[in-house]
Amino acid sequence: FFRRNRYANFGDLGASVKQLLDDYQKLTKKNENINSIEDMQSFLERYPDFRSKSINVSKHVAVISELSRLTDLCQLLDISEVEQEIACNSDRSTHKQDLLGRIRNPKVKMADKVRMSILYVLRYESYDDLREIKQALAEKGVQVAQLGLLDAVLEYAGEAKRAPGLFSQGGIMAKLTKTFNNFGGVQNVYTQHQPVLYHIMQNILNGKLKDSAFPPLLTAGGSGTNFRPTEVIIFMVGGATFEEATRVAEFNAANNDIKVMLGGSCVQNSTSFLKEIGTVFGR
């Protein structure tokens, strides 16, 4: 079950657990029909497997129920939608109002408010909304050290520091793949964002990786449009993420002629990354 669902989104995971429960219910009904000695004997033979399935189903249902409770409690679906929209579509006016609305929402955790704000100021750095965003956060109790993270991230990865392309994955393709049917019929926007790594892998596959950005150490095998490796090792200095690991797994499953191995200094999430940024830049 883990192997089949390790890269599934939350909606697909819920559907898989429901299928597990449906299969168990069919087995339960089968065990209800005990009308003879032969039925009893057959039940006893099936009982160990039945008991094992019962325990597994109970565990999976308990886990998905707790995940669902925390998702609702922390407003994670709503937060994720705002983050996906900011990352993949350019609409400053709407995104600003969405962000300020979540900052004022008492149900949204402080860490989530800060993370959404960082994403917004990275996207719309040139509009000089930083002061207003920091003031809105401060009014809701965000500490000075946390506010300093907005300046630290801009210092680390602002427009003058980062390579181009961070927010260029939106547009018409993002809109075409914007929604999918979630478990229970809920529409959400989890499939819009693709990390930069995804586009790098596609360029490797199509022989379009620019030598100017990724200069080859050895030229005997060719480079540019003439070079299509069969094995690629990608090492992320500073840490890789679970989303990047998921895209690598999907890429490998879809392409038989090339395999990618992902490595990194560590596995980063937003909490560990911001802690590291704060330490490096003294925030």
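A pairwise comparison of heavy atoms in Ala8 and Leu13 identifies CB-N, 4.2 Å as the closest pair. The heavy-atom pair separating Glu66 from Arg69 by the smallest distance is OE2-NH2, 2.8 Å. Listed here is the closest heavy atom pair of Ile79 and Cys74: CD1-O, 3.3 Å. Taking each heavy atom of Leu100 and Ala136 in turn, the nearest pair found is CD2-CB, 3.9 Å.
At a threshold of 4.0 Å, the pair Arg92-Asp129 counts as salt-bridged, since one of the basic side-chain nitrogens sits closer than that to a carboxylate oxygen. Between Asp151 and Lys134, at least one side-chain N (NZ, or NE/NH1/NH2) sits under 4.0 Å from a carboxylate O, which counts as a salt bridge.
When atom types are taken as modelled, the side chain of Glu125 and the backbone of Glu159 share a donor-acceptor pair closer than 3.5 angstrom. Of the possible polar contacts, one joining the Ser65 side chain to the Val61 backbone as a donor-acceptor pair under 3.5 Å is found. Remark: the backbone N or O of Gly101 is not paired with any side-chain donor or acceptor of Asn105 at under 3.5 angstrom. The backbone N or O of Lys113 sits nowhere less than 3.5 Å from a side-chain atom of Arg102 that would complete a donor-acceptor pair. Judged by distance alone, with hydrogens and angles left aside, the side-chain atoms of Thr279 form a donor-acceptor pair with the main-chain N or O of Lys275 at under 3.5 Å. Side-chain atoms of Asn269 come within 3.5 Å of backbone N or O of Ser272 as a donor-acceptor pair.
Judged as a side chain to side chain donor-acceptor pair (under 3.5 Å), and not counting sequence neighbours, Asp98 has no contacts. Partners of Thr94 according to the side chain to side chain donor-acceptor pair (under 3.5 Å) rule, which considers only residues two or more places apart in sequence or in another chain, are Asp91.
Judged by distance alone, the side chains of Asp112 and Gln75 never bring a donor and an acceptor atom under 3.5 Å apart. Glu83 and His193 are not linked by any side-chain donor-acceptor pair at a separation below 3.5 angstrom, with hydrogens and angles left out of the test. For the 3.5 Å distance criterion, the side chains of Glu276 and Gln268 qualify, holding a donor opposite an acceptor.
Contact annotation: the side chain of Asp23 approaches that of Gln19 to within less than 4.5 Å [non-hydrogen atoms, C-beta and beyond]. A 4.5 Å side-chain heavy-atom check between Val121 and Val153 finds every atom pair outside the cut-off. Proximity of Tyr198 to Val248: side-chain heavy atoms (C-beta onward) are nowhere separated by under 4.5 Å. In this structure the side chain of Ile200 never reaches within 4.5 angstrom of the side chain of Asn203, judged on heavy atoms. Looking at Arg162 and Tyr156, their side chains never come closer than 4.5 Å, going by heavy atoms from C-beta outward.
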Would you be so kind as to tabulate the donor-acceptor pairs closer than 3.5 Å made by side chains of residues 229-241, with sequence neighbours excluded?
unit_1 : atom_1 : unit_2 : atom_2 : d
Thr241 : OG1    : Glu244 : N      : 3.2
Thr241 : OG1    : Glu244 : OE1    : 3.3

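Listed by first and then second residue, the ring-ring contact (aromatic ring centres under 6.0 Å, His included) pairs that reach into residues 99-120 are Tyr120-Tyr124, sequence neighbours excluded. Among pairs with a residue in residues 249-266, those fulfilling side chain to side chain donor-acceptor pair (under 3.5 Å) read Arg247-Glu250, at least two apart in sequence or across chains.
Chaining together hydrophobic side chains whose heavy atoms lie under 4.5 Å apart leaves Ile55 on its own.
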